[in-house]
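First up is the structure itself, then whatever we jot down about it.
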Protein chains: 2
Amino acid sequence: MDNVTPIRVPSHFEREFPGASRSGAEVAANLIRAADALLAEIDRRRRSIADLSPSAFQVLAILEGAGEPLAAHAIAEHLLVSTASTTSLLDTLEKRGLVERTPHPSDRRKTLVHLSDEACDIVDRMLPQVHAAATDAVDGLSEAEREQLIQLLTTIRHSVVELAKQEPPRPKSRRKSSARPKP
Amino acid sequence: MDNVTPIRVPSHFEREFPGASRSGAEVAANLIRAADALLAEIDRRRRSIADLSPSAFQVLAILEGAGEPLAAHAIAEHLLVSTASTTSLLDTLEKRGLVERTPHPSDRRKTLVHLSDEACDIVDRMLPQVHAAATDAVDGLSEAEREQLIQLLTTIRHSVVELAKQEPPRPKSRRKSSARPKP
DNA sequence: TATTGTTATACTCTATAACTATA
DNA sequence: TATAGTTATAGAGTATAACAATA
């Protein structure tokens with residue numbers, strides 16, 4: 001009935017991919033799947049409050065976190081998307097009555113984006129759900145294990161950030177497994 | 001120069017969100033960010049080989065992993081998307097010369113999807129890159145730490161899978177921080 | 001000249017519904 | 001009646017390029 005076990009990689013893995021680490025592949029698979037499951041659960045809870053896309057929620061959260069109206073380009077920078085994409089997101093939110101755009105008082109190039117009362121209400125109900133999901137997700141871990149996990153994940157993130165600074169690397173060979181099912 | 005440190009949550013967190021766990025929020029944030037960084041690096045490496053979307057790569061990987069042509073609905077089931085969406089993905093791949101569709105010999109409702117030689121070549125160059133990313137990402141961890149990490153992630157995934165079976169839960173209150181900047 | 005925001009256009013992924021052909 | 005696949009349509013997020021208004 002309880003079928004959640006570690007994702008494992010077959011023993012011939014390192015023969016098929018010379019230079020690759022089997023435990024590395026297993027860590028990667030388990031990391032990505034765990035994060036994916038958690039994100040899906042968070043998204044499910046957010047949707048139980050309001051049917052908005054993750055990006056739309058993010059815009060609301062950014063505005064709420066700022067505690068004051070922001071110019072559109074500031075939102076674009078937080079989201080790491082283009083200003084044109086942000087315009088499109090804000091159009092959707094404005095149509096739904098969740099944000100309002102007003103001219104900036106001193107710089108007439110800018111538009112200030114405000115949260116509506118309904119949007120504030122959505123964020124106030126959404127955040128406890130999100131944090132409850134995180135709280136429940138780590139229910140099976142001791143405080144020591146949580147801290148250990150944070151450290152291990154940070155080590156990985158550190159390595160990946162370093163990799164991202166380099167060239168996409170040298171090609172490596174692959175040795176195809178000999179026996180392959182045939183049509 | 002090396003600025004990757006654990007993501008932390010402010011100390012007033014549990015006051016603002018009664019019932020939520022600060023360490024849970026920290027674990028969640030670090031988990032999601034680490035997975036996101038790794039996925040971005042994997043995607044970057046795949047794109048250095050061929051400019052295809054993650055879904056398109058997944059179709060190729062599914063077909064390669066099967067070792068034989070698959071019917072379209074089988075691909076849809078692996079991808080967890082609708083058959084209509086799969087048709088669209090296959091259309092794109094076919095236009096690029098990466099897959100070919102042929103009629104199923106015995107069941108004339110079905111279409112068999114084959115990888116082209118070019119697609120096989122792309123997958124053969126792509127997989128070593130993906131596995132090298134995973135290998136490099138865990139470079140800083142001992143084998144014992146890797147195994148420990150896999151266990152911790154599996155515990156979390158287990159909890160989340162259980163949560164996903166339940167109703168999206170009871171609303172919880174939020175206590176807004178007192179001092180808020182004003183426009 | 002640089003910045004801000006919008007429009008126009010295009011592309012991807014995804015979905016549902018309606019439909020055809022086949023089993 | 002059920003299954004396989006396609007088409008039609010729609011809506012989301014995202015991007016680039018061109019543009020207007022303002023600094």
Side-chain angles (χ1 to χ4, degrees), chain A residues 36 39-40 42-44 46-47 50-63 66 68-114, chain B residues 36 39-40 42-44 46-47 50-63 66 68-114:
Chain A
D36 188 63
L39 276 172
I42 287 172
D43 198 53
R44 186 177 77 105
R46 286 193 301 208
R47 279 177 193 283
D51 190 22
L52 293 172
S53 71
S55 293
F57 276 123
Q58 236 187 315
V59 172
L60 300 188
I62 287 165
L63 283 166
E68 62 185 355
L70 293 178
H73 80 273
I75 296 172
E77 281 160 18
H78 277 281
L79 280 178
L80 301 176
V81 300
S82 66
T83 58
S85 300
T86 302
T87 296
S88 162
L89 282 172
L90 293 174
D91 287 346
T92 304
L93 288 170
E94 197 171 36
K95 263 181 241 153
R96 295 225 201 181
L98 298 177
V99 304
E100 191 190 351
R101 283 187 261 211
T102 63
H104 190 287
S106 64
D107 186 339
R108 299 206 304 189
R109 293 171 306 179
K110 294 184 181 172
T111 303
L112 284 180
V113 183
H114 307 250
Chain B
D36 188 63
L39 275 172
I42 287 172
D43 198 54
R44 186 177 77 105
R46 286 194 300 208
R47 279 178 192 283
D51 189 23
L52 293 172
S53 69
S55 293
F57 275 123
Q58 236 187 315
V59 171
L60 299 188
I62 287 166
L63 282 165
E68 63 185 355
L70 293 178
H73 79 274
I75 295 171
E77 280 160 18
H78 278 280
L79 281 179
L80 302 176
V81 300
S82 67
T83 58
S85 300
T86 302
T87 296
S88 161
L89 282 171
L90 293 175
D91 287 346
T92 304
L93 287 170
E94 197 171 36
K95 263 181 242 152
R96 295 224 201 180
L98 298 177
V99 303
E100 191 190 351
R101 284 187 259 212
T102 64
H104 190 285
S106 64
D107 186 338
R108 300 204 305 189
R109 295 171 305 180
K110 295 183 181 172
T111 303
L112 284 180
V113 183
H114 307 249

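Quick caveat, the model's predicted, so the values are computed rather than measured. Just so we're on the same page: letters track the sequence lines, and every chain starts at 1.
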Residues at least two apart in sequence or cross-chain that pass side chain to side chain donor-acceptor pair (under 3.5 Å) with B:Asp107, listed by chain then number, are B:Arg109
The side chain to side chain contact (heavy atoms under 4.5 Å, CB included) partners of A:Ala72 (sequence neighbours excluded) come to A:Leu90
Check: Looking only at side-chain N and O atoms, does B:Ser55 come under 4.0 Å of OP1 or OP2 in C:dT12?
Finding: no
Residue pairs passing the salt bridge (Lys or Arg N to Asp or Glu O under 4.0 Å) test with at least one member in residues 69-86 of chain A, sequence neighbours excluded, are none
Could I get a table of every N or O pair under 3.5 Å where one atom is in the protein and the other is in nucleotides 1-4 of chain C?
from  : atom 1 : to       : atom 2 : distance (Å)
C:dT3 : O4'    : A:Arg109 : NH1    : 3.4
C:dT3 : O2     : A:Arg109 : NH1    : 3.1

Sorted by chain and number, sequence neighbours left out, side chain to side chain contact (heavy atoms under 4.5 Å, CB included) with A:Ala56 holds for A:Leu52, A:Ser53, A:Leu93
When rounded to whole Å, the CZ to P distance for the pair A:Arg47 and C:dT14 reads 14 Å
Contacts of B:Thr102 meeting side chain to side chain contact (heavy atoms under 4.5 Å, CB included) (sequence neighbours excluded), chain-then-number -> B:Glu100, B:Leu112, B:His114
Between B:Leu79 and B:Val59, the two heavy atoms sitting closest are CD1-CG2, 3.7 Å
Residues passing the side chain to side chain donor-acceptor pair (under 3.5 Å) test with B:Ser82, sequence neighbours excluded, are B:Ser85
Across all chains, not counting sequence neighbours, the side chain to side chain donor-acceptor pair (under 3.5 Å) partners of A:Glu94 are A:Arg101
Applying side chain to side chain donor-acceptor pair (under 3.5 Å) to A:His104 and not counting sequence neighbours gives A:Ser106
Rounded to whole Å, the NZ-P distance (B:Lys95 to C:dA10) equals 14 Å
Contact check, residues 79-92 of chain A vs DNA chain D, heavy-atom distance under 4.0 Å, returns A:Val81, A:Ser82, A:Ala84, A:Ser85, A:Ser88, A:Leu89
For residues 50-63 of chain A, the salt bridge (Lys or Arg N to Asp or Glu O under 4.0 Å) pairs (sequence neighbours left out) are A:Arg47-A:Asp51
Under a 4.0 Å heavy-atom criterion, DNA chain D is touched by chain A from D:dA12 to D:dA23
